[in-house]
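These notes are about the structure you will find just below.
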Amino acid sequence: MTTATQPAARTVSAPSGAPGGLRIRDLSVTFQVGKDQTVRALDHVNLDIAEDDFVVALGASGCGKTTLLSCLAGFLKPTAGEILLHGHGVAGPGRDRGVVFQKHALFPWLNVIDNASFGLKMAGVDKRRRYEVAREKLRLVGLDQFADAPIWRLSGGMLQRVGLARVLANDPDIMLMDEPLGALDAFTRESMQELILQVWNATGKMAFFITHEVEEALFMATRLIVMSPRPGRIVHEYETEFSRRYVAGEPARAIKSSPDFIRLREEILNVIHATQ
Amino acid sequence: MSSTPHSEAAAPARRFSLRALLGLKSDGGPVAGEGGSTAVISTISTLALIALWWIASHMRWVPPIFLPTPEAVIQRFVETLFEPYGETTLLGHTMASLFRVFSAFLLACVTAIPVGIAMGISRVARGIFDPPIEFYRPLPPLAYLPLIVIWFGIGELSKVILIYLAIFAPLALSARAGVRSVTAEQLNAARSMGASRSQTVFHVILHAALPEILTGMRIGMGFGWTTLVAAEMVAATEGLGQMVLNASNFLVTDVVIMGILVIGIIALAIDLGMRWIERRMVPWKGRV
């Protein structure tokens, strides 16, 4: 924990040759819902995520944000368009894109550390080494005391921290988070927001985060995209500084109650209501 | 006013000790249904049944040839422990029956579980195995017993096969249902952590299916034990079912009742044992 709270220097690895970051080009997804009825879940979405970006997708349910994340993760094949990670096309799920799920999706038959080191085990890393890595990541999320605990003894917030640790253990290029805090109570939620930003800052990974909470979106994002439904598309983009201010040491509550934060929050709420 | 907190504090403590006195579990979590254990009620009802039996037999409401006294049955039980009834002693009959049921059970485990998992994973396997299983599953074992005798004779093999078939269907269907209890998110999580298809099967699906498989094993064991008497109807010289059938032919009712009780108690013991194994192997069942 203590290592994560320090706004440490970010280790941004510049990829050699290939254009860095993640590029989404003209991404469209059409679902067949009836015999000859289709729904346009995503309509020509374009988005660039830079090396040090924390992108938050905000929108009401049905706006396609989870569809977008599924495409990025490779769970869903887009109808049209392409996704390039460091210049390489994304086809199917892979270790370079870690996913934190809304309903943790951990494996209850494994204890905390075996959950956290699952990806390394699949990659054939020997037990000593993978426990070493997993322990380090558990320390990062403040769960090293619980390494041997069965996961069904953990609270909702702790489960999501295990989910975060298992993604980090795989050392992905980007963390994809699908409303990971949606099921948590308000207090746990705030501390988890801060923890995720600390982890993002400490590891220097790209992040793509979904939420329907305006305040959460605004606090966590470096880039905030507002999405609207039917068809799912990006209607607004904001560059914000709040998360960088937080990792630079400003208290979370001070940021969330500052006038510029509140002004932008109201503006975004108006945008969302206008596009419903 | 001042006495109210006292009585409030005392009441739960008294209830707690009363529960402990009656041998009720007080350390458990929330209990299903109305809440509270039924152990006391069940014990009373069981004792009442035995008392009714004792009275009915001693008062000669029913002639002893139809309903022997509990003492006579217990005496018969002790006797057959040491002296053979038919070919062997009670222990011999019990071992013969257990051997048949457990051989059939093991055979079912190594075949039905892989078949069920294959059915859960693959459309092709589902297409192949669904019709035969769904057809024979509702048949009473006695209906296909003659065919098994024609094919496999009257030896040990046909008995084991009959019991095996009784266990196979519920076990295969449980394994198949177990595969479906893995969530889409868990599969996606495994794939995004780099698991290959076979790794997903062995490290995720099999584990996720384990609670259902264990339940299927318990239910299958129950079906197998139920089929035992039918299996031992054909040319058996030993076995609990055979012992009961043989005794009924000669109207030795105390052996019939004793045999039924032994079969029932063993079935209960197996069921409790399997539940214990379930709790040990899948402590996470229903919790996450």
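Just so you know, these numbers use all the heavy atoms, side chains as well, and skip hydrogens, waters and symmetry mates. Per chain, numbering begins at 1; letters A, B, ... match sequence-line order.
- The aromatic rings of A:W109 and B:H207 sit parallel, their planes meeting at an angle under 30°, below the 60° perpendicular limit.
- The two residues B:A189 and A:A105 come nearest to each other via the heavy atoms CB-O, 4.1 Å.
- Every side chain to side chain contact (heavy atoms under 4.5 Å, CB included) that B:T43 has, sequence neighbours left out, goes to B:L47.
- For B:F202, the CZ atom counts as loosely surrounded, since its 6.0 Å shell holds 12 or fewer non-hydrogen atoms of other residues, nucleotides or ligands.
- With a 4.5 angstrom heavy-atom cutoff, B:A208 touches chain A via backbone and side-chain atoms both.
- More than 12 heavy atoms of other shown residues, nucleotides or ligands fall within 6.0 angstrom of atom CE in B:M274.
- Atom CG of A:L176 sits about 8.5 Å away from atom OG of B:S192, to the nearest 0.5 Å.
- The environment of CD in A:Q32 is crowded: more than 12 heavy-atom neighbours from other residues, nucleotides or ligands sit within 6.0 Å.
- Rounding to the nearest 0.5 Å places CG of A:L110 at 9.5 Å from CH2 of B:W284.
- Both the backbone and the side chain of B:P283 come within contact range of chain A, each with at least one heavy atom under 4.5 Å from a heavy atom of that chain.
- Heavy atoms of A:F101 lying under 4.5 Å from chain B belong exclusively to its side chain.
- Atom CE of residue B:M193 and atom CZ of residue A:R95 lie 10.0 Å apart, to the nearest 0.5 angstrom.
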Run the numbers on B:H203 and A:M122 for side chain to side chain contact (heavy atoms under 4.5 Å, CB included), then give the verdict.
CA-CA 9 Å; B:H203 292 282; A:M122 295 303 103; 3.5 Å; yes
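- B:Y144 OH: more than 12 foreign heavy atoms inside a 6.0 Å radius.
- In this structure, chain A has no heavy atom under 4.5 Å from any part of B:V182.
- In this structure, the side chain of B:Q186 does not engage the main chain of A:F107 through any donor-acceptor pair within 3.5 Å.
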